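The shown structure was predicted, so the numbers you read here are calculated from the model rather than taken from an experiment. Here is the naming used below: chain letters follow the sequence lines, and residue numbers restart at 1 for every chain.
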2 protein chains.
Amino acid sequence: MLPAIAHSTRHAFQHNELRSKELWSSVQEVCDLLRINRPLDLYEDSSRFQHVRFKAGQTVNLNNDPLENLFLVNCGFLKSSMTDDLDKELVLSFPMKGDLIGVDSIHLQHHQSQTMALSDCDIILVPYSTLQELCKKSEQFGHAILQIMSREIVRERYMLGVQRSLSAEAKVGRFLYMMGERYAQLGYSSRRFNLRMSRNEIANYLGVAIETVSRILSVFHRLGVITVNQREIVIIDPAFLTDLLKFSSTKDRSAERCTQKSQLGTVNKFAKPKQQQRQQPELALS
Amino acid sequence: MLPAIAHSTRHAFQHNELRSKELWSSVQEVCDLLRINRPLDLYEDSSRFQHVRFKAGQTVNLNNDPLENLFLVNCGFLKSSMTDDLDKELVLSFPMKGDLIGVDSIHLQHHQSQTMALSDCDIILVPYSTLQELCKKSEQFGHAILQIMSREIVRERYMLGVQRSLSAEAKVGRFLYMMGERYAQLGYSSRRFNLRMSRNEIANYLGVAIETVSRILSVFHRLGVITVNQREIVIIDPAFLTDLLKFSSTKDRSAERCTQKSQLGTVNKFAKPKQQQRQQPELALS
DNA sequence: CGTTACTTTGAATATAGTCAAGCAGTGTGG
DNA sequence: CCACACTGCTTGACTATATTCAAAGTAACG
């Protein structure tokens with residue numbers, strides 16, 4: 001079983017190194033990592049899953065590779081992306097420990113996306129054939145796999161909601177907050193962490209321009225909500241970021257908005273009063 | 001087995017009526033409807049799935065209902081939506097014949113969305129327990145279900161791409177085109193069909209303002225690309241709509257764009273030449 | 001026939017994107 | 001160790017796209 005050791009961001013790789021001997025995992029270990037209940041009826045199962053190392057920058061799987069393995073992240077940070085009609089990259093997610101890569105490929109039996117290691121990684125190979133066998137053997141396991149797929153659908157749907165109804169500020173705010181939450185789940189700090197991805201990758205992921213990301217981070221910083229130093233982030237006021245969640249987008253700026261945001265507007269810049277404005281400009285980026 | 005009868009939009013309900021006697025479907029019929037291979041090892045299976053009628057406007061399932069059944073659309077048109085933090089509706093999809101509703105609910109065993117009938121509907125109840133049994137009985141069936149889930153993930157991801165990197169025009173264009181394709185799959189015309197949903201629902205689905213949808217439809221109409229009469233759509237130049245796909249968003253307006261679009265700009269309005277424009281304004285909405 | 005809900009259109013405005021330039025951190029070779 | 005280039009990031013100025021507000025038009029319904 002994998003002990004859930006809490007360790008700071010800085011020691012992640014060191015910890016990773018320590019694991020280098022564990023080359024194979026059991027079904028139970030895999031289930032723990034996937035955050036699903038251990039199927040009791042598979043306690044005796046002898047299947048073992050191979051670990052593979054990837055160095056930062058290496059490609060885990062390429063778009064259109066035939067589906068042989070799913071990839072379960074044991075350690076490290078990755079970027080999963082697809083290429084659209086125009087060969088433009090489209091960042092889909094930033095998988096980390098416990099995430100299963102490749103569930104999208106079951107449909108057509110070919111990978112629909114490519115995954116790159118953003119840091120050194122330890123990845124567990126989960127052959128699809130083994131997965132099928134286990135589903136057959138254990139109803140519990142079968143259910144769990146459906147749960148994971150379902151979870152993935154819900155997660156993607158959530159992102160869809162983010163894309164549709166949030167302003168750029170709210171997107172960035174939410175992104176930071178959620179990264180914090182994810183780190184927390186892994187035992188790191190939710191308030192102080194290192195973004196493993198470039199601004200470009202963030203911008204792509206959020207569907208906004210890179211300059212916009214940069215500007216918004218600066219604004220947040222100036223407001224004292226976060227601290228930014230390159231990719232090193234400190235979240236000072238997480239509530240602010242979650243509050244942004246609520247006042248999503250310009251589409252439903254309600255009465256509530258005035259109250260909170262107008263303050264920020266003034267913190268941000270020396271509110272030169274424009275005549276006849278419907279609402280305070282909330283987080284003017286200039 | 002369900003014969004694939006091609007009939008015009010207008011006769012859908014009439015046809016629907018004809019079916020009113022079919023109250024139960026077999027596993028094979030369900031698989032056909034789901035567009036997955038019939039599991040040979042379930043040929044003898046005696047499971048039967050109940051049909052249920054819904055009238056336009058009725059609710060099929062509510063958010064947070066415990067997961068008992070998945071819903072397979074046999075006939076009719078629906079709208080699936082969720083409610084966000086702010087009780088704002090968020091339209092997720094417009095299920096029609098062959099679509100499976102509720103795969104998102106497996107994760108937490110509660111429905112994560114609500115579904116409303118936009119027209120009279122015939123829905124097949126698929127108890128989750130039965131689904132699990134069948135997965136256990138038939139590896140083929142199990143694989144097929146995973147495929148469906150995977151397909152759903154890919155589909156949602158596609159929408160994510162649409163949301164992120166397409167302009168409003170392109171979104172609407174793509175929406176119309178895809179509706180056409182979906183109708184075609186069901187044996188209707190891909191060029192002439194009736195949108196079952198309101199402008200509001202379209203706007204919500206696409207993540208743009210309702211006025212924007214209206215304007216863009218008008219522009220398309222004026223350009224002679226489509227005909228709009230309330231919810232009755234005729235697609236005259238589907239290629240135009242698919243071409244819009246490519247020149248997605250302002251984010252990558254490339255050289256290609258000039259060529260094609262500048263013509264349209266002039267068709268659209270009496271191109272009053274603005275001085276110093278980088279590119280022709282393509283589909284000015286005014 | 002009037003009320004309601006949905007849709008279209010116009011005008012003004014805001015948000016975010018593009019272009020352009022400069023800055024900061026990193027690495028390489030002299 | 002420093003100049004050099006290189007890449008990634010930030011900031012400013014300008015502009016386009018799409019939103020909001022407002023109003024009028026149209027279809028649907030009792």
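One interatomic measurement links the two molecules: CG of Asn229(B) to P of dC6(C), which rounds to 18 Å at whole-angstrom precision. Distance CZ (Arg222(A)) to C1' (dG12(D)): 12 Å, rounded to an integer number of Å. Note: CZ (Arg164(A)) to C1' (dA16(C)) measures 20 Å, nearest angstrom. Between the CD atom of Gln230(B) and the P atom of dC29(D) there is a distance of 12 Å, given to the nearest Å. Distance, Ile216(B) CD1 to dA18(D) P: 6 Å, rounded to whole Å.
Side-chain polar atoms of Tyr183(A) and Arg191(A) form no donor-acceptor pair below 3.5 angstrom. Side-chain atoms of Gln163(B) and Lys171(B) form a donor-acceptor pair, as typed in the model, at a separation below 3.5 Å. Using a 3.5 Å distance cut-off with no hydrogens or angles, the side chains of Thr83(A) and Gln114(A) do pair a donor with an acceptor. Side-chain contact check for Arg174(B) and Tyr158(B): at least one donor-acceptor pair (N or O, by modelled atom type) lies under 3.5 Å. Side-chain contact annotation: Thr227(A) with Glu232(A), donor-acceptor N/O pair under 3.5 Å absent. Looking only at atom types and distance, the side chain of His111(B) has a donor-acceptor partner in the side chain of Asn61(B) under 3.5 Å away.
Taking side-chain N and O atoms only, Arg231(B) has a distance below 4.0 Å to OP1 or OP2 of dT7(C). Between dT9(C) and Ser218(B), a contact under 4.0 Å exists linking OP1 or OP2 to a side-chain N or O. At the phosphate of dA18(D), neither OP1 nor OP2 sits under 4.0 Å from any side-chain N or O atom of Thr212(B).
Put simply, the side chain of Glu201(B) and the base of dC6(C) share no donor and acceptor less than 3.5 Å apart. Side-chain N/O atoms of Arg215(A) and base N/O atoms of dT18(C) include a donor-acceptor pair closer than 3.5 Å.
Among the nucleotides dT10(D), dA16(C), dT8(C), the one closest to the side chain of Arg199(A) is dT10(D).
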- Starting from the C-alpha separation in whole Å, work towards a yes-or-no answer on ring-ring contact (aromatic ring centres under 6.0 Å, His included) for Tyr188(A) and Phe193(A). CA-CA 8 Å; Tyr188(A) 302 107; Phe193(A) 50 82; 9.7 Å; no

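Taking the screw axis at each terminus of the helix from dC1(C)-dG30(D) to dG30(C)-dC1(D) from five consecutive base pairs, the angle between the two is 30° to within rounding of 10 degrees.
Closest-nucleotide positions on DNA chain C for Ser214(B) and Glu211(A) were compared, and the one nearer the 5' end corresponds to Ser214(B).
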